[in-house]
Amino acid sequence: MSSDIDNIFTKAASGRSLVKNRQALTIDYVPERLPFRDEETKALAQVLSTIFKGARPSNLLLFGKPGTGKTAAARSVVDRLAKKASELETDVTVLFINAKIAGGSAYKVIFEIAEELGINKEREKQVHFTGLSMGEATDRVLNFIQRKKLNLVLVIDEIDSLVDRSGDDILYNFTRANQRMKGGFITLIGISNSLTFKDKLDPRVRSSLSEEELVFNPYTVDQLRQILQERAKLSFNEGAISEAAVNLCAAIAGREHGDARKAIDLLRVAAELAEREGITKVDEKHVRDSEDRIERDAPFVALKNAPAHHKLVILAIIKSTNGTTGKVYDIYLSFCKQTEQKPLTQRRMTQIINELDLLGIVSTDIVNQGRYGRSQKIRVMIPLTTIEEALKDDIDLTSLID
DNA sequence: ACTCCACAGGAATAACCGGGCG
DNA sequence: CGCCCGGTTATTCCTGTGGAGT
């Protein structure tokens, strides 16, 4: 027992020589120079530079698929802006909010902004975690900005998740605030993964939010390779990773749509796997395992932590073998009876199936059976063993499978 | 050409929860 | 404490629909 634990430590210690800078392999890491994004960062800097002429820069929208360097570009430019501003003693406040991490709710975004601005250190008119109406919270933030005459550059990452779930009201209030405020201004930089994001906006918000816009195109496989090589040089020790392994990461990530984030994830997990094995060089095999691992992990975790009814639905789908909604629902009902649970409605179950679809756990096909109606054929997309493994802690559920 | 199945999936609304406020 | 507020989950009610059968 204790020798096992000893073993883990020994392996970890011997694997330590693999990676010299783990930080450079995380998603948050922003490299000194962004390869292949010179044009974009320049354009971004150009727009923001008006701040040094004492005027409000245009609002800005950044588009592009995941892992195309939007966030990194915004971060790097905005950081340098803040640095320059303090050198020149120009008053600029920079805020970086991730709407998705904030929970996608408008109120939490406001709260986050308030927190970062330090409003809650004031004696009055604080913005609390909950308890205020949206309007009041927004007013307090805007008043604070006006009172302090802040020149605020507000970057909202994953802005589409905010609008999806809470509508564009806050964006409206923030973009409109500039006309209302005497002293101080807000420049909004929105970052969106979705290219159709603009369509969801109210026309008034759309025109003021996207005074300027910037589209980030996916990296090519070749560009990915160079990015990875650079990153690998930063994070791995000399000779700790084969060139073939790096190239494979680039190739895998490029297969989809040039997602640099995915490429770097692959690299990091591959390194972790090699370390765990106590091997001193990361090669292609580790990258392939890493791809497997990443693909397997997400659904597994989602499944394990899913609410009881989601699990029942999955089991019902398995038992129905390519069944349609109605069939799955019948089985689900019988499962509920067996486990003495109050069943949910069919409407809710289809919602749950859609959620599972989004997670990639199941896949649905609409089928028309003419006279016999129209339904969805539901298939399970992950191996049965994974599901069994994920659900093995639910004793009362395992008895349902046979 | 028309019908009508077996649902899909949107909209409104209710039920419940956790946490701050007075 | 009870109340308010916003979030999440679930229900209720609803309109829409592709094509096999007639």
Side-chain angles (χ1 to χ4, degrees), chain A residues 97-115 119-141 144 156 158-174 196 199-200 202 302-317 319-337 339-359 361-379:
Chain A
I97 306 275
N98 185 317
K100 203 165 198 174
I101 289 174
S105 96
Y107 191 88
K108 276 179 189 145
V109 170
I110 293 275
F111 171 73
E112 198 80 2
I113 292 169
E115 189 83 341
I119 294 181
N120 294 345
K121 295 198 189 85
E122 300 273 301
R123 202 168 316 148
E124 285 179 44
K125 299 271 186 181
Q126 299 189 346
V127 177
H128 291 104
F129 179 60
T130 173
L132 285 177
S133 75
M134 268 307 296
E136 180 61 21
T138 325
D139 276 358
R140 287 187 184 186
V141 170
F144 179 84
I156 303 183
E158 316 224 33
I159 197 169
D160 37 337
S161 78
L162 174 66
V163 173
D164 277 352
R165 299 184 51 185
S166 324
D168 48 16
D169 291 13
I170 9 166
L171 297 183
Y172 178 64
N173 284 329
F174 269 89
T196 56
D199 305 337
K200 287 183 248 167
D202 181 302
L303 219 55
K304 205 177 169 77
N305 303 327
H309 282 285
H310 291 225
K311 293 175 179 172
L312 285 171
V313 170
I314 289 168
L315 292 176
I317 293 168
K319 186 156 185 197
S320 78
T321 48
N322 277 1
T324 56
T325 307
K327 203 169 165 199
V328 171
Y329 189 62
D330 286 344
I331 298 170
Y332 163 77
L333 284 179
S334 80
F335 281 174
C336 282
K337 204 164 203 175
T339 53
E340 288 170 342
Q341 300 246 9
K342 192 183 162 214
L344 302 174
T345 53
Q346 182 167 327
R347 177 72 188 87
R348 176 60 186 149
M349 193 194 72
T350 60
Q351 265 179 37
I352 289 173
I353 290 172
N354 281 334
E355 286 165 28
L356 294 173
D357 189 0
L358 235 58
L359 289 167
I361 294 171
V362 302
S363 148
T364 59
D365 286 313
I366 306 141
V367 288
N368 293 298
Q369 295 162 307
R371 175 101 277 229
Y372 304 103
R374 161 172 222 256
S375 179
Q376 281 188 124
K377 207 176 234 172
I378 306 143
R379 279 172 302 149

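This is a predicted model, so every value here is computed, not measured. Naming: A, B, ... by sequence-line order, numbering from 1 per chain.
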For nucleotides 11-21 of chain C, give me one character per nucleotide, 5' to 3': B if any protein heavy atom sits under 4.0 Å from the base, S if the only such contacts are to the sugar-phosphate, - if neither. BBB---BBBBS

Atom pair distance, as rounded to whole Å: CG in N354(A) and C1' in dT9(C): 15 Å

With sequence neighbours left out, write down each residue that passes side chain to side chain donor-acceptor pair (under 3.5 Å) with R379(A), or none if nothing qualifies. S363(A), D365(A)

Tell me: CG of L312(A) to P of dA10(C), nearest whole Å? 12 Å

Quick check on the helix from dA1(B)-dT22(C) to dG22(B)-dC1(C): what's the angle between its two end axes, five base pairs per end, to the nearest 10°? 20°

Using the side-chain contact (heavy atoms from CB on, under 4.5 Å) criterion, which residues pair with S320(A)? Sequence neighbours excluded. V328(A), I331(A)

Rounded to whole angstroms, how far apart are CD1 on I378(A) and C1' on dA8(B)? 11 Å

Length of the CG-P vector between D365(A) and dC7(B), whole Å: 16 Å

Assess the residue pair T325(A) and Q376(A) against the criterion (side chain to side chain contact (heavy atoms under 4.5 Å, CB included)); give the C-alpha distance rounded to whole Å, side-chain angles, the decisive distance to 0.1 Å, and a yes or no. CA-CA 6 Å; T325(A) 307; Q376(A) 281 188 124; 3.9 Å; yes

Compare side-chain N and O positions of T325(A) against OP1 and OP2 of dA8(B) and report whether any pair is under 4.0 Å apart. yes

My understanding is that only residues two or more places apart in sequence, or in another chain, count here; which of them pass side-chain contact (heavy atoms from CB on, under 4.5 Å) with D357(A)? V362(A), T364(A)

Integer-rounded Å distance: dA8(B) C1' and Y329(A) OH: 15 Å

dA10(C) P sits how many Å from H310(A) NE2, rounded? 6 Å

L356(A) CG to dT9(C) C1', straight-line distance once rounded to whole Å: 15 Å

Shortest non-hydrogen separation from H309(A) to P343(A) and the atoms involved: CE1-CA, 4.5 Å

F335(A) and K319(A) have their tightest heavy-atom pair at CZ-CD, 3.8 Å

Partners passing salt bridge (Lys or Arg N to Asp or Glu O under 4.0 Å) against R348(A) (at least two apart in sequence or in another chain): E355(A)

Can you tell me how far P of dA8(B) sits from CD of E355(A), to the nearest Å? 14 Å

